[in-house]
Amino acid sequence: MTHTSVADLLAGKHQVGEQVTVKGWIRTRRDSKAGISFLAVHDGSCFNPIQAVVPNKLNNYDNEILRLTAGCSVAITGNLVESQGKGQSFEIQADEVTVIGWVENPDSYPMAAKRHSIEYLREYAHLRPRTNVIGAITRVRNCLSQALHRFFHEQGFYWISTPIITASDCEGAGEMFRVSTLDFANLPRTENGAVDFSDDFFGKEAFLTVSGQLNVETYACALSKVYTFGPTFRAENSNTSRHLAEFWMVEPEIAFANLDDAAELAEKMLKYVFKAVLDERRDDMEFFAQRIQKDAITRLESFISQDFAQVDYTDAIDILIQSGRKFEYPVQWGIDMSSEHERYLAEEHFKSPVVVKNYPKDIKAFYMRMNEDGNTVAAMDVLAPGIGEIIGGSQREERLDVLDARLSEMNLNQEDYSWYRDLRRYGTVPHSGFGLGFDRLVTYVTGMQNIRDVIPFPRAPRLADY
RNA sequence: UCCCCAGUAGCUCAGUUGGUUAGAGCGGUGGACUGUUAAUCCAUGUGUCGUUGGUUCGAAUCCAACCUGGGGAGCCA
C-alpha cells in the first residue's frame with residue numbers, strides 16, 4: 001500500500017518530517033482566516049482522526065477544500081509534524097489533498113457531524129460504521145474475537161467448524177429456521193398429504209443450527225480440547241435488547257473434565273479477553289467510559305481482579321428466600337431463576353461474577369450429567385453484574401444407561417441420537433463445556449444497551465434489511 | 001408474544017385543553033473571526049405533524065387498527 005494508517009501515524013511509528021499519505025473520510029473541517037483549514041480524517045484504524053493542516057496556497061483550496069464536508073473521501077499527502085495546537089501530538093502539513101469522493105447534498109447526508117441517536121444510526125446500517133461509536137464497537141468486537149481465538153490457541157484448543165445447516169431437529173434449544181429448496185407454491189406431498197421432504201435438497205427436513213455443541217462433543221471425544229465459534233440461529237419471536245435471530249456463539253468442550261474444570265475455564269477465558277481489550281483498545285474503551293457507560297473500564301478491571309463467587313443452585317435459592325426481598329416471581333426450589341433473581345445474586349448479594357451450579361434436572365437439557373442425588377444435574381451459569389447470564393454450561397452425561405434413561409424420560413427417540421449415543425458406547429469419557437453468547441459479551445464490554453448495535457447487520461423479527 | 005411509552009423540519013425535541021400563517025437547537029448554506037479542536041458569533045431555508053380508517057362544520061390535536069422505535073416481561077445466549 002502506498003499510504004499509512006492513521007493509527008500508525010498517531011502512535012508515532014513514523015518520523016517527524018517524513019512525507020506520508022493518508023486516505024480516509026472527513027469527519028470535520030474547520031477554516032482559519034490565518035489561511036489554513038483543518039481537516040479531521042478518520043480511516044477506522046483507531047479511535048482518533050488525524051488532523052491535516054491545509055494551506056490556502058494549494059491550487060484546489062478555494063474550489064475543493066472549502067467545499068469538503070463530513071463523509072467526503074480524500075487522500076492527503078504531506079509532512080508529518082508535531083502539532084502546534086492542543087489535542088493531538090502529530091498532524092500532517094498537507095502538500096496535496098485529492099478529493100476521491102464527494103458527498104452529494106451534504107444537507108441530507110445521514111451521518112452529519114453531530115450527535116445522533118443510536119436508534120437513528122441503526123436505520124443506516126451501511127453508513128453507521130463511519131461514526132465514532134460504531135467504529136469503536138467494531139474494533140472492540142474484533143479485539144474480543146481475536147483474543148478468544150488466541151486464548152484457546154494458547155491453551156491448546158482446536159477450533160472446530162461445526163455445521164450451520166443441520167438435518168437433525170434434535171438440538172432442542174428453541175425454534176429453528178427451516179432450510180429448503182422446495183417450491184413453496186407447489187409443495188410435493190406424500191400420500192397422506194404431508195409435505196414430502198424426501199424431495200428436498202437434503203432428502204429430509206433441514207434447519208439452521210441452534211448450537212454446535214452436540215457436534216463439537218464428537219471432536220472433544222477425540223482431540224480433547226476444542227471449541228466452536230460461529231453463527232447460530234434462533235427463530236423465536238423474541239423482541240428484546242438482548243436477542244438476535246442470528247448471533248455468534250463460542251462453545252468450548254473439553255474431555256476428561258468435570259463441571260469445576262468448565263467453570264475454571266470460563267473464568268480464565270473471560271479475564272483473558274477483558275484484559276486484552278483493556279490493553280489493546282484503550283482508546284475505544286475510554287470513549288465508552290466517557291460517552292456510553294461511566295464504569296466501562298473500572299468494572300472490567302474489577303472483573304479481572306476478583307475471583308468468581310461459586311454457589312450451588314440450592315444455596316442460591318436459600319439466599320434469595322432469606323434476602324427478604326419481594327420478587328415479582330416467587331422463589332422456591334425447582335424454579336428456573338428469572339432475570340431479577342440472577343441480578344440480585346450477582347449485583348447485590350455477591351457483588352461479583354458468580355457461578356451457580358447444580359440445577360434441578362427438570363429445568364435443564366437431557367445431555368447434562370445427573371448428579372448423585374438424582375435430583376440435580378451438573379449444570380452451571382455464570383452470572384455477571386450488569387448483564388445477568390453470560391455463560392451457560394454443563395458436564396455432559398457420559399454414561400449410556402443414564403443418558404438413555406433421560407432421553408426416554410423426556411420423550412426423545414434414541415434413534416435420533418444414534419451418533420451422539422455412540423460417543424458413550426465407544427471409549428466414553430467425562431467431558432464438559434459451555435456456551436458464550438459472543439454478541440452479549442460485546443454488549444457487556446462496551447456498555448451498549450442494545451445487542452442490535454454491537455453486530456454489523458442485526459437480524460431480528462421483521463429485521464433483515466441490508 | 002404480552003404490558004407500558006413514543007412517532008412533529010436532514011437530526012434532537014418543544015408545542016397544539018380540535019379552529020386561520022407549526023417553533024427552537026444542531027446540521028447544511030452564506031458571512032465574520034480565529035493554529036482551529038463536532039470552536040465561536042451573525043444571517044438563512046426547510047414540514048403529506050408514522051400509516052389507514054372513523055368522529056366532527058373543521059383533525060397534526062379525539063377514537064380505532066396497523067406499522068416503526070424505546071422500556072419492561074417471557075424465551076434464551
Side-chain angles (χ1 to χ4, degrees), chain A residues 26-40 42 48-55 66-67 69-71 81-88 91 93 103-124 127 131-132 172-175 210-213 228 231-251 291 327-329 336-340 342-343 363 365 381-384 387-393 434-444 449-453 455 460-463 465:
Chain A
I26 300 289
R27 182 147 277 147
T28 60
R29 187 195 90 226
R30 293 177 295 276
D31 305 318
S32 166
K33 272 299 176 299
I36 50 179
S37 286
F38 299 94
L39 302 177
H42 68 97
N48 286 119
I50 193 161
Q51 174 161 285
V53 183
V54 186
L66 290 180
R67 287 172 50 223
T69 56
V81 298
E82 284 179 28
S83 180
Q84 294 171 36
K86 292 172 189 157
Q88 61 281 319
E91 63 192 20
Q93 192 66 45
V103 165
E104 59 178 61
N105 195 6
D107 179 40
S108 58
Y109 176 54
M111 297 295 114
K114 57 152 291 173
R115 193 156 196 175
H116 292 291
S117 69
I118 197 72
E119 294 84 11
Y120 169 77
L121 296 183
R122 209 176 293 149
E123 294 172 34
Y124 293 89
L127 296 173
T131 61
N132 278 334
E175 297 291 311
V210 294
S211 164
Q213 181 204 314
T228 71
T232 308
F233 307 86
R234 303 276 168 93
E236 270 123 1
N237 189 2
S238 192
N239 295 284
T240 80
S241 57
R242 300 179 305 282
H243 285 84
L244 291 169
E246 175 182 306
F247 63 98
W248 286 62
M249 190 151 66
V250 181
E251 297 174 286
R291 298 294 282 274
F327 293 107
E328 192 181 341
Y329 290 87
D336 204 354
M337 282 188 239
S338 64
S339 315
E340 56 172 347
E342 295 177 343
R343 275 204 305 272
I363 58 171
D381 281 354
V382 178
L383 312 180
I387 192 170
E389 183 187 338
I390 191 168
I391 281 177
F434 61 81
L436 165 72
F438 179 66
D439 314 274
R440 283 190 181 172
L441 181 74
V442 181
T443 303
Y444 179 69
Q449 297 291 305
N450 196 311
I451 200 165
R452 297 178 183 191
D453 300 317
I455 188 167
R462 296 175 306 280
L463 183 66
D465 301 329

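Within 4.0 Å (heavy atoms only), A/Arg343 reaches sugar-phosphate atoms of the nucleic acid but no base atom. Counting non-hydrogen atoms under 4.0 angstrom, A/Ser32 reaches a base of the nucleic acid. If you check every strand for non-hydrogen atoms under 4.0 Å, A/Ser338 touches sugar and phosphate atoms only. Within the 4.0 angstrom heavy-atom criterion, only backbone atoms of the sugar-phosphate kind lie near A/Tyr120; the bases stay farther away. Contacts of A/Ser238 with the nucleic acid, taken as non-hydrogen atoms under 4.0 Å apart, include base atoms. Within 4.0 Å of A/Ser37, counting heavy atoms only, lies no atom of the nucleic acid at all. Counting non-hydrogen atoms under 4.0 angstrom, A/Asn132 reaches nothing in the nucleic acid. Nucleic acid contact class of A/Arg462 (heavy atoms, under 4.0 Å, all strands): sugar-phosphate only. Nucleic acid contact for A/Glu119: sugar-phosphate only, since backbone atoms but no base atoms lie under 4.0 Å from a heavy atom of the residue.
By the 4.5 Å heavy-atom criterion applied to side chains, A/Ile451 and A/Arg242 are not counted as neighbours. In this structure the side chain of A/Leu121 reaches within 4.5 angstrom of the side chain of A/Met111, judged on heavy atoms.
Contact annotation: side chain of A/Glu236 to base of B/U1, donor-acceptor pair absent below 3.5 Å. Residue-to-nucleotide contacts include no donor-acceptor pair under 3.5 Å from the side chain of A/His116 to the base of B/C11.
Each of B/G35, B/C75, B/A38 was ranked by its minimum atom distance to the side chain of A/Val53; first place goes to B/G35. The side chain of A/Asn239 sits closest to B/U1 out of B/G74, B/A32, B/U1. In this structure, of B/G70, B/A32, B/C11, it is B/A32 that holds the atom nearest to the side chain of A/Lys33.
B/G47 sits 25 Å from B/G31 when the P atoms are compared, rounded to a whole Å.
Per the geometry, CD belonging to A/Gln449 stands 11 Å off C1' belonging to B/G70, to the nearest Å. A/Ile26 places its CD1 atom 13 Å from the P atom of B/G28, with the value rounded to the nearest Å.
With both pairing distances under 3.5 Å, B/A64 is matched to B/U52 as a Watson-Crick or G-U wobble pair. The partner of B/G69, taking Watson-Crick or G-U wobble pairs whose two distances both stay under 3.5 Å, is B/C5.
In terms of position on RNA chain B, the residue among A/Arg452 and A/Trp248 whose nearest nucleotide sits closer to the 5' end is A/Arg452.
Residue A/Asn237 has no polar side-chain atom (N or O) positioned under 4.0 Å from OP1 or OP2 of B/C75.
A/Gln449 and A/Ser241 are not linked by any side-chain donor-acceptor pair at a separation below 3.5 angstrom, with hydrogens and angles left out of the test.
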